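Model, not experiment: these values are computed from the prediction.
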Amino acid sequence: MSQKSRKKSSKTPSGSLTAKNKPGKMRATTQPRSAKTQPASAGKSAKTGAKPTSHKAASKRLKSSEKATKPNPTAAEAKSALAEGQKAPAFRLPRDGGSVVTSADYAGQKLVLFFYPRADTPGCTREAIDFTRLKDAFTSSGTAVLGISADPLKAQEKFRDKHGLRIPLISDEHHEMLEAYGAWGEKSMYGKTFLGILRTTVLIGNDGKVARIWRNVRVDGHADEVLEAARSL
């Protein structure tokens, strides 16, 4: 009996070992499955995380492209909002002969300002001659007339002497008055665009307010039209 009991006792440890080994095998088989599932979940989270970042990047690129397509307004565009009925901008600039002309010099009287692109060019010459021809008529209506361009004083004086002009010619080389009155802006010629003087005329009433504005002036008959407008004030 003792030998049989010994055999049974020797089997029970081996049986207990086999019982312990079975869970070990199950753990070994379940571990790789959990390992497989982990990269998949990580991949999904990586994909889901990539979508919002790409969306944000796309929205940033869209906003930057929108800013790039919006042109910045030029100084002339910002100041060209001068309208009839508004107070005329003040000015102080040199004129032919070397003296200085200011808006205060014409306080209480009507004033015509004609802005021309360049001295001694065909259209500008005709316009200046027409205003000179009507100078006495403007004076009779209580209206002074000034011509303004960006030409230097020497060019203005040469222009005056060559054509016998009797209208004061103002030199605005830094475009201060031109921009204030909306007479400086984008122009096009031969398929090219550039900034320059826009032929413009402004009539100011004796109250110091803008009574009339002519933009993109056509020279023929223009001075006569301005005289009629000055007389009607």
Minimum heavy-atom separation for [X] to [Y], with atom names?
X	Y	answer
K192	F194	O-CD2, 3.9 Å
P152	S171	CA-OG, 3.6 Å
G85	K209	O-CD, 3.6 Å
A180	P89	O-CG, 3.8 Å
G98	E157	N-OE2, 4.2 Å
F138	A223	CZ-O, 3.8 Å

Is it the case that over 12 heavy atoms from other parts of the model lie below 6.0 angstrom from the [atom1] atom of [X]?
X	atom1	result
N216	CG	no
R133	CZ	yes
K154	NZ	no
R166	CZ	yes
R126	CZ	yes

Test salt bridge (Lys or Arg N to Asp or Glu O under 4.0 Å) on E228 and R231; report intermediate values, then the result. CA-CA 5 Å; E228 292 301 317; R231 283 173 172 171; 3.3 Å; yes
Can you tell which of [options] makes a side chain to side chain contact (heavy atoms under 4.5 Å, CB included) with [X]?
X	options	result
R212	L203, V226, T201	L203
V101	I148, L146, L93	L146
F114	I167, V202, T200	I167

Whether the side chain of [X] engages the backbone of [Y] through a donor-acceptor N/O pair (distance < 3.5 Å, no angle test) should be reported.
X	Y	value
T125	T121	yes
K87	G208	no
K187	G196	no
D151	A119	yes
Y181	L82	no
Q156	R95	no

Under 4.5 Å between side-chain heavy atoms, hopping through other hydrophobics if needed: is there a path connecting [X] to [Y]?
X	Y	value
F159	L153	no
V145	I170	no
I213	V219	no
L169	V112	yes
F131	L165	yes

Out of curiosity, [X] [atom1] to [Y] [atom2], how far, rounded to the nearest 0.5 Å?
X	Y	atom1	atom2	answer
E179	L195	CD	CG	9.0 Å
L233	N206	CG	CG	7.5 Å
S149	M177	OG	CE	11.5 Å

Can you classify the ring geometry of H222 versus W214 as parallel (below 30°), tilted (30 to 60°) or perpendicular (above 60°)?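 Taking W214 first and then H222, their aromatic rings stand perpendicular (interplane angle over 60°).
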Student check: side-chain heavy atoms of L198 and F115 closer than 4.5 Å: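 Side chain of L198 against side chain of F115, heavy atoms only: no contact under 4.5 Å found.
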Contact check, side chains of I197 and Y116, non-hydrogen atoms, under 4.5 Å: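 With C-beta onward as the side chain, the pair stays apart.
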Flag for T102-D105: side-chain donor and acceptor within less than 3.5 Å: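 Indeed, the side chains of D105 and T102 share at least one donor-acceptor pair under 3.5 Å.
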Any Lys/Arg nitrogen of D120 or K158 sitting under 4.0 Å from an Asp/Glu carboxylate oxygen of the other?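 Judged by the 4.0 Å cut-off on N to carboxylate O distance, D120 and K158 do not form a salt bridge.
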